[in-house]
Amino acid sequence: MVNNITKTIDQVAAAHPEAVVYDELGTTHTYGDLKRATAAFAAWLDQTALPQHGPILYYGDHQFEMAAGFIGGAKAGHPYIPVETGTALPRLKSILATAKPQLVVAIDDFPAAEVGYQGQVLTRDELSEIMQKEVDYPLTHELTGSDTFYILFTSGTTGSPKGVEVAHDNIQSFINWLQGPLFDLPEAGRFLGQAPFSFDLSNFYWLVAFTSGGSVKAVPHAVVQNFGQLFTVLPTLDFSVFVGTPSFADLLLLSPDFTAEKMPALTKLIFCGEELTPSTAQRLFDRFPEAQIFNTYGPTEAAVAITGCEITKEMVAKEKRLPIGFDKPGVTTSIWDGDRQLTEPGAHGEIVISGDSVAKGYLNNPEKTAQNFFKVKGVQSYRTGDAGFIDSAGMRHIIGRIDFQIKLHGFRVELDEVRASLELSPLVKQAVAVPKYDKNGKVSHLIAYVIAAKNDYESEKELTAAIRKSLEGEIMAYMMPTQFVFVAAFPKSANGKIAVKQIIAEANR
Ligand code: AMP
């Protein structure tokens with residue numbers, strides 16, 4: 001049981017100094033290296049003029065120094081703001097304007113001049129030199145309790161990014177859940193480190209690994225972007241725990257080597273961040289018949305994930321959509337109706353999260369904080385904007401985003417439900433359903449964007465007709481899109497999720 005993140009990491013390091021904690025495609029770093037690097041960096045930070053608890057922005061990819069920097073900073077009492085290399089300049093400017101970090105740790109080249117940053121920049125070479133020093137650093141003012149541990153900027157496609165302030169105890173509660181009986185993770189697990197640090201899904205691998213004696217098999221962004229390279233390194237990574245989005249698993253499934261024969265160590269696959277469809281889960285079971293698959297759900301505002309369950313083969317065979325599981329200890333999710341009243345089991349409404357995982361709010365943004373965060377009987381709570389329901393067994397289900405709920409000729413339609421229905425067709429590999437608005441802002445019809453499964457149809461017209469036929473009885477007539485657009489791939493957000501809002505914007509240009 002973790003009750004102080006940096007102390008726990010030091011204890012693990014003291015017990016297993018020679019064990020590998022971080023593996024960058026064969027370049028390994030041990031727990032001893034981690035302890036030395038974090039102590040030396042913390043000692044260096046203590047000598048700077050950084051204000052107490054002043055956040056540090058780290059700009060980079062999947063380098064060891066990123067993670068070591070976060071922990072070194074936390075030891076010296078400074079929360080981290082992870083920002084991915086190549087972040088669009090307007091987003092970077094907005095993050096700097098909101099968080100006002102006085103130190104940027106530039107593991108990759110930081111465009112200080114382009115974004116008008118005037119504070120101190122520490123380069124990777126300077127950091128590496130600092131991290132080589134042997135320093136005795138007893139923990140005296142590390143981040144604990146309600147201190148902000150990290151600030152993560154949301155990836156929303158509209159409006160300026162909001163910096164979610166996640167406290168040490170928020171994320172500690174998540175770590176302890178992951179290390180508990182539900183997931184039953186292997187000892188010294190080897191975690192796939194693919195999601196960027198700027199996506200809170202990354203906490204599933206690195207923080208959980210570092211506090212349990214496990215290791216991270218880091219995959220640099222450039223490799224993730226290059227399928228040839230990705231598929232070449234994949235079977236050599238030898239990870240035992242996959243954490244990622246279903247979209248990323250769909251990508252890996254394109255590789256013939258993503259199988260139990262080639263990757264026998266892989267026994268746990270944990271999903272979060274977007275809907276895990278029965279089709280993806282089935283294909284994973286076909287490839288990894290002995291592995292366990294978990295679906296988890298949660299927003300950045302509630303420290304990564306707060307519901308979860310194992311997805312069984314029976315569920316995959318039976319259910320049209322998979323559940324998101326039960327609440328983690330310390331959290332209660334409930335469903336609001338339109339009048340913000342709690343509902344009975346079965347009723348559909350907005351998912352509200354209360355408990356020890358819910359973040360403090362948005363950094364320097366009291367207005368947005370007040371809109372989304374509030375207390376329920378004195379307990380910190382957050383309204384998610386997700387539509388869902390609780391079934392009679394207490395299992396949680398997500399239906400879709402509330403703002404993806406539209407009215408079409410008087411019928412209330414969930415775009416995600418249309419998508420899930422379309423994906424029941426064997427001719428549809430993946431789909432996105434979007435509304436087409438008329439000049440009065442009313443939805444005139446639905447458009448289906450479809451990545452088709454392999455087929456022999458000679459024209460899109462014939463394929464469309466065949467898809468419609470295959471869905472007879474599976475989808476309500478009013479929900480059937482009237483227009484089909486066939487595409488090879490969907491645009492993705494920075495976090496690798498399908499960028500539905502972008503597709504909607506393009507469809508209505
Ligand atoms: P983020 O804050 O970027 O992690 O995004 C959180 C949002 O992703 C949630 O509010 C949901 O809309 C969506 N999401 C997360 N996990 C799941 C899941 N297991 N199934 C469906 N949607 C999910």
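Counting starts at 1 for both ligands and their atoms, in listed order.
Here's the thing with Thr300: one of its N/O atoms is less than 3.5 angstrom from an N/O atom of ligand 1. Where the criterion is an N or O separation shorter than 3.5 Å, residue side chain and backbone included, Pro299 fails it with respect to ligand 1. Note: no N/O pair closer than 3.5 Å links Thr384 and ligand 1 by distance alone.
Remark: among candidates Ala387, Pro246, Gly400, Gly273, the nearest residue to atom 16 (N) of ligand 1 is Gly273, based on non-hydrogen atoms.
In this pair, Phe271 and Phe242 present their aromatic rings tilted. The plane angle is within the 30 to 60° band. Under the 30°/60° scheme for interplanar angles, the aromatic rings of Phe231 and Phe227 are found to lie parallel. Aromatic ring pairs are classed by plane angle as parallel below 30°, tilted from 30° to 60° and perpendicular above 60°; the pair His62 and Phe197 is tilted.
Cation-pi geometry between Lys162 and Tyr362 is satisfied (NZ or CZ under 6.0 Å from the ring centre, within 45° of the ring normal).
Contact annotation for Thr296 and ligand 1: only backbone heavy atoms (N, CA, C, O) come within less than 4.0 Å of the ligand.
Distances shorter than 4.0 angstrom occur between a heavy atom of Asn295 and an atom of ligand 1. Residue contact annotation: Ala305 has no non-hydrogen atom under 4.0 Å from ligand 1.
For Asp391 and Arg396, the salt-bridge test fails: no basic side-chain N is under 4.0 Å from an acidic carboxylate O. Salt bridge annotation for Asp416-Arg419: present, with a cationic side-chain nitrogen under 4.0 angstrom from a carboxylate oxygen.
Annotation for ligand 1: atoms under 4.0 Å from non-hydrogen atoms of Lys497 are 1 (P), 3 (O), 4 (O), 5 (O), 6 (C), 7 (C), 8 (O). Each of the atoms 10 (O), 12 (O) of ligand 1 lies under 4.0 Å from some heavy atom of Arg401.
Residues Lys328 and Ser357 bring a donor and an acceptor atom of their side chains to less than 3.5 Å of each other.
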